[in-house]
Amino acid sequence: MESLTSPTVTQRDQLLVEQQVFSLFKTFYNMPPSSQSFMLELQRENHVEYLTNGLKQLGPSFCVLDANRPWICYWILHSIALMDEFVDPELEDNTIDFLSRCEDPNGGYGGGPGQMPHLATTYAAVNSLVTLGGDKALSSVNREKLYSFMQQMKDASGGFRMHDGGEIDVRACYTAISVASLLNILDDKLVQNVGNYILSCQTYEGGISGEPGSEAHGGYTFCGLATMILINEVDRLDLSSLIDWVVFRQGVEGGFQGRTNKLVDGCYSFWQGGIFALIKRLNSTKGERSIPLGDGEDSDPESPRTTASSDATEEGLNKDLSQDDSHSQKDHHDTSSRVNVADIGHNSSKGHAKVNPLFNSLALQQYILLCSQDLNGGLRDKPGKSRDHYHTCYCLSGLSVCQRSWLEDEDAPPLPHAVLGPYSNLLEPIHPLYNVVLDRYQEAHEFYTSS
Amino acid sequence: MHGRPRKAPKPEDEAAATAKAQKLRALQTQFFSFHHSKIYTKDAVELSAKLLEINPESYTAWNYRKLAVEHYLSQPDCNPDSVKSVLNDELGVVESALRQNFKSYGAWHHRKWVLSKGHSSIDHELRLLDKFQKADSRNFHAWNYRRFVSELMNRSEKDELKYTEDMIYTNFSNYSAWHNRSVLLSALLEKKAEGFLSKENVLPEEYEFIHQAIFTDPDDQSGWFYHLWLLDQTVTIDYPLLVSTWPAHGSDVFLVGDRCQIGSSSPFTTLFSDSGSFPIVLYFNQPVEGVSSSTVSIECGFNKSKDLLWEPLSVSNSQTAQVWVAHLKFPTSELDSSVEVSVGHTKEIVSRRGFQYNHPSTFSFKVHVQPVERDSSQVSVAENILWREENFNVYGEQAEESIPIVSFDRLCIKNGHESAASNWRIEALAKEIECFRELLLLMDCKIGKLTLARLLTAYDAMLFPFANKLVHSEEVLELYNDLMKLDPTHHRYYKDEYSSVLLQKMTSSKESLLQHCFRYKDSVSSAIGNTICLRLNNLSLSRTRALEKLLWVQMLDLSHNELQSIEGLEAMQLLSCLNLGNNKLRSLTALEPLRKLKSLRVLDISYNQIGDHSIDTTRYLCCSPLSHSVGRELNKDETVINDVTLNYWEAFYVFRDLNLYQLDIVGNTIADEKFKPVLVKIMPTLKRLDGELLD
């Protein structure tokens, strides 16, 4: 083996990144406070401009993404929604039309018009439409056909194939289950044995790999965990070793790495950071669940549940998140304004109950804002890399998760000190299982459960 | 998409790029028209190759090529040679696509498809892989493909093991290589390949190997992860074992109907019960499922019903638990009788990882029923248990107590049959210990200290049946103390480990255990039947672990510690008095293990932090947070006062199954004037709340 004096390639790369990041931090700490606050500010206008342009016209270098066009829509639309901005009605219409042209006559969405339907692009298309919201977007999905497409993608082993003849992996399981759950078409047939497949991918490290035998990976761990929650089988996973694994993926730079001994990357702010959001809700599900009172559905304790998933979604996470009780929301609102205006720093009021995050939330926000942010708009993997829509989407999603990592109640706004930089950096809350903005989720949930 | 090497566009290239985009658009239009009209001519197929060369992500084109190949193979004029050349073309297309993007899911998948047609050779594939794995040694697509090819072409696992070795020599930080090594070794061990018959043959060499990496650079994480895996392989005993039971083998159990005069019987085995039954507790070395009346048989004169109900003691309501309990009714006819319990004579007790319990064992004990006269006046007014210092006398101070009646050795089962097979484990651990002591002499290294502490703990546990003491516990405690100072970020973790070792140490010998045994004041009319109190107070414990020797305890003082969780306490089925005062419990749900303690009558949770935080962070590690049984159970009690369930459902959930006489809850944020009436409503049995007698 190599001697102490010559580091391995991995170590050299790691060292280079650390140097770059630390010198950035050093410059930052030596700045006067006014420049510091500028550096920490989320450049909303620039980001929105960068994103909106992407939706209108992309340069020729985007050829390689040609089979991922709904993804580009999702990355851009979701990023814009996180900043509580909207696209203009014409662009919105064009997007809906474009996605409809990606929809296969036999169900599911392809990477572009004429391409075969594919589960990942179906996920991207559905999430895009949910993010756009409104009847036109939401009703444009052919749910019956989509369901039959999913059944065709279902493998005898329990897992899903990405597309006809395509690969089976954890990504496919997540995109299928997430879409089915969001569109309210999840049933026992789709759920059957998915849990076994995901379980076969949890490694001895604790995280989840893309396929059996592979090593644990941030993106797949998120997908696997979210899937297990959606099908209400999360207690089959070894959660304590999963948590063990994920907490150690946050590095000295503040950001997350995707796998053991890999470099930090901004997109894992969501893939790994989102795992914490899921875990937090797991615990609060039991802890703060409201008791259904006189809910007709629960009047007969013996009545069989329609699907395993309806257990999870109706009684668990979604119920908490989708509470449409106007009273409680009003209360939160009152509390929040009181705290913000008159009593900053006081955190004993109920809406602001503090939960300690299991990761260093401020360090991650610092990494996202200082290292991943391109001040001219867009976010990136790490300093020295160029911005792109994928990293913009997942850095921002991660930032939203961070800002609420102390909150017990997702409906209440976080306290100022939980948000690094000016309070205007605050992004919209997301639904961590689907990664769509929470109020867009609520609209879609209502739409698909009532129709 | 993600992670693809990107080049910043230069203005002079832009014209070229635009031209390229136009070319792609034309290709695409053409391709889709071929695809949709199912045209598989030579030209059409070539065009799809051009498209894939530019955009390997075009999965529709990959599928088109599969259809084209199938179409060709179904032609009557196709012969083996032409099939070969067609499949070779496919391999070529994949290779050029991978050169463009070696993270393309579609390209790797297409190659698997071609190979599953029985084409290509292992050498060819390995050469290709070599190239890609040199370019990016962490590419998981390549590693996945490597595992696929090796399996498909029956490449020997030993050769693959050698490959991981080479990769590690090139870059010992390459965790993917270490990972694959663990996968390969597990497979080789499982099928008992030549040279890999048992861990004994394999692991010592692996330790040698990993030392090179760790000693070269102790700051690199890859090696430590692999070391952790090795340690786990060395220490973990796969199959379940019975660790302890209550009643212990050969003990005499004195059953007393109501309150009692203990007399000369053993405090460790006298049980007061007001339910007319007593528990039998089985404590395993790991969570198991399948404990039932068919896997555990009970022989005794008085038990008429054969189908004893075994209940898993886990808060998650899962059917897997480390501790199981069944309740046996008091004998009614005879006063003395013996009971024999046989565990695991059928094969259905299975560990979480699927290993069967294969050491059938039997334990027996005698039961003596002591008839007592019922004094009804005392039943109604429960005595106030005061956990004051002056109420406790050191156990054994009085003359008749100086001869301990219980055989301490029986508190724990010695699984002697394990020892013979374990010599290599002990040797391996001893060597590791020596090695890490050396490392720590060279440098101050946190992970090195932690590893040494883990090694010493494992070593002591393994040697315990022979040495009868934990030789290194002082050293381990010292190491964790150091770590808490060196690495304050992970203080909580070290503290938990420290607590666990400390508890192990205190329960490891009769002498150390007796130091914590006290007699609760000379009380005859006590609400408790057994006045021996185990006092583990003021020890700054943060965790309750290593409870297997404490199953006999009925009165336990854990006050003035730093407990945030009482996970595991549900195993102590005999507990009737428990003091958790002055700890750091943060919510009522942290008390969930108490729900399983049916004998609990007196509880002190005063001066904790209940209500300060609405969520208890210890629950991050609970096993089954999404079991919705909680909500469903609650619905059945629709008659219970709604405001209670609404505002204090946690209290309702934890306390409603308890039959407490006495509760102290003062000094918690939650314990305000509104809360007390709620508690009284939830627990009608309550006689005393915060020292005040209730009407």
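Order of the sequence lines fixes the chain letters, A, B, ..., with proteins taken first and strands second; residue numbering starts at 1 for each chain.
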Is the closest basic N to carboxylate O distance between A:E167 and B:R111 below 4.0 Å? no
Under-4.0 Å salt bridge between A:E215 and B:R138: yes
Look at B:H35, B:Q28, B:K20 and state which one has the largest set of heavy-atom pairs under 4.5 Å with chain A. B:Q28
Between A:S241 and chain B, with a heavy-atom cut-off of 4.5 Å, which part of the residue counts as in contact: side chain, backbone, both or neither? neither
Side chain from CB out, backbone as N, CA, C, O: work out which of these in A:P212 comes under 4.5 Å of a heavy atom of chain B, or both, or neither. neither
Pair A:E205, B:W229 - check side-chain contact (heavy atoms from CB on, under 4.5 Å), show working. CA-CA 8 Å; A:E205 292 175 85; B:W229 179 76; over 6 Å; no
Are any non-hydrogen side-chain atoms of B:S173 and A:Q14 less than 4.5 angstrom apart? no
B:S58 to A:A67 - nearest heavy-atom pair and separation: CA-CB, 3.8 Å
Euclidean distance, A:E211 CD relative to B:F140 CZ, rounded to 0.5 Å: 8.5 Å
Would you confirm whether A:H163, through its side chain, and B:Y59, through its main-chain N or O, come within 3.5 Å as a donor-acceptor pair? no
Can you tell me how far CZ of B:F225 sits from OH of A:Y204, rounded to the nearest 0.5 angstrom? 8.5 Å
For chain A, which of B:V183, B:L588, B:N144 has the most heavy-atom pairs under 4.5 Å? B:N144
B:S182, part contacting chain A, at a heavy-atom distance under 4.5 Å: side chain
How many angstroms lie between atom OG1 of A:T260 and atom CG of B:N174, to the nearest 0.5 angstrom? 11.5 Å
Side chains of A:M162 and B:H109, heavy atoms from C-beta outward: is any pair under 4.5 Å? no
Output yes when a side-chain donor or acceptor of B:D220 lies under 3.5 Å from a complementary backbone atom of A:Q11, and no otherwise. no
Output the distance between atom CG (A:N261) and atom CZ (B:F172), rounded to the nearest 0.5 Å. 9.5 Å
Rounded distance (nearest 0.5 Å) linking atom OH of B:Y175 with atom CD of A:Q257: 11.0 Å
Side chain, backbone, both or neither of B:H141 within contact of chain A (heavy atoms, under 4.5 Å): neither
Say you draw a straight line from CG of A:N68 to CG of B:N55; how long is it, rounded to the nearest 0.5 Å? 8.0 Å
Does the side chain of A:R171 come within less than 4.5 Å of B:Y105's, by heavy atoms? yes
If only atom types and distance count, is the side chain of B:H179 paired as donor or acceptor with the main-chain N or O of A:G213 below 3.5 Å? yes
Looking at B:E165, I'd like to know if its CD atom is crowded, meaning that more than 12 non-hydrogen atoms belonging to other residues, nucleotides or ligands lie closer than 6.0 Å. yes
Which region of A:D164, side chain (C-beta onward) or backbone (N, CA, C, O), has a non-hydrogen atom less than 4.5 Å from a non-hydrogen atom of chain B, or is it both or neither? both
Does any non-hydrogen side-chain atom of B:E57 lie less than 4.5 Å from one of A:D66? no
Under 3.5 Å, side chain of B:T60 to main-chain N/O of A:M116, donor-acceptor pair present? yes
